[in-house]
Each structure stands twice: as structure tokens, then as C-alpha cells.
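Below you'll find the structure, written out as C-alpha cells, and then a few comments.
Positions are given from 1 along the sequence.
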Amino acid sequence: LKKEPNKRERRGRTMLLRYIGRDGSRNLRVGQVYEVKVFTRGESIRVSWIVPGERGTKSCAYNSPEALAKNWEAVK
């Protein structure tokens, strides 16, 4: 039986981003590429990801695209 995604899971765009923020923050590693979902909730931009070997999804909110760009960069 296939689970239907809820409304929050359907929004956003999935992409590959490289983490460039502080090593260990939210179990993220600098230089590691993550498959993330980027979406908005209210006034914030949210990034969610799965950390390999852990249960559940992690997420972080950013107040602006500039704030997001301090921690993540596009994979070319």
C-alpha cells in the first residue's frame, strides 16, 4: 500500500546541495552533498534532509536567501 504524501511533503523542490556551514551543526558535515527539499513556510525558507544512519528528517529555517546561502551551495 503506497502512502500518500501529506501537504507539507508535497510542497517544495528536491535538489542536491553541498553543506558549507559549521561542521557538526544538526549532524551535517562541511563539504558533504545532501539531497534536500527546499520550501517556504510562512515567511521563512526551510531546508529539510535525511542524515544517513539516523531516523527521521532534519530541517532548518532561514530568514532570507542570503542566510540560506551562508550554509548551502548548489552542486554543479
Partners passing salt bridge (Lys or Arg N to Asp or Glu O under 4.0 Å) against Arg29 (at least two apart in sequence or in another chain): Asp23
Set of residues satisfying side chain to side chain donor-acceptor pair (under 3.5 Å) with respect to Ser59, sequence neighbours excluded: Arg46
Can I get a per-line list of side-chain donor-acceptor pairs under 3.5 Å for residues 65-73, giving both atom names and the distance, sequence neighbours left out?
unit_1 : atom_1 : unit_2 : atom_2 : d
Glu66  : OE1    : Ser64  : OG     : 3.3
Asn71  : ND2    : Tyr62  : OH     : 3.4
Trp72  : NE1    : Tyr62  : OH     : 3.0
Glu73  : OE2    : Arg18  : NH1    : 3.4

Co-members of the apolar cluster containing Val75 [side chain, <4.5 Å]: Leu16, Val33
Side chains of residues 50-57: which donor-acceptor partners sit under 3.5 Å, not counting sequence neighbours?
unit_1 : atom_1 : unit_2 : atom_2 : d
Glu54  : OE1    : Asn27  : ND2    : 3.3
Glu54  : OE1    : Lys58  : NZ     : 3.2
Glu54  : OE2    : Asn27  : ND2    : 2.6

Value rounded to 0.5 Å, distance of CG in Leu17 from CH2 in Trp49: 11.0 Å
Contact summary for Gly12 and Phe39, nearest pair of heavy atoms: CA-CB, 3.6 Å
hydrophobic_cluster_shared for Val36 and Ile20, side chain cutoff 4.5 Å: no
Whether Ser25 side chain and Arg22 backbone form a donor-acceptor pair below 3.5 Å: no
Gln32 atom CD, over 12 foreign heavy atoms within 6.0 Å: yes
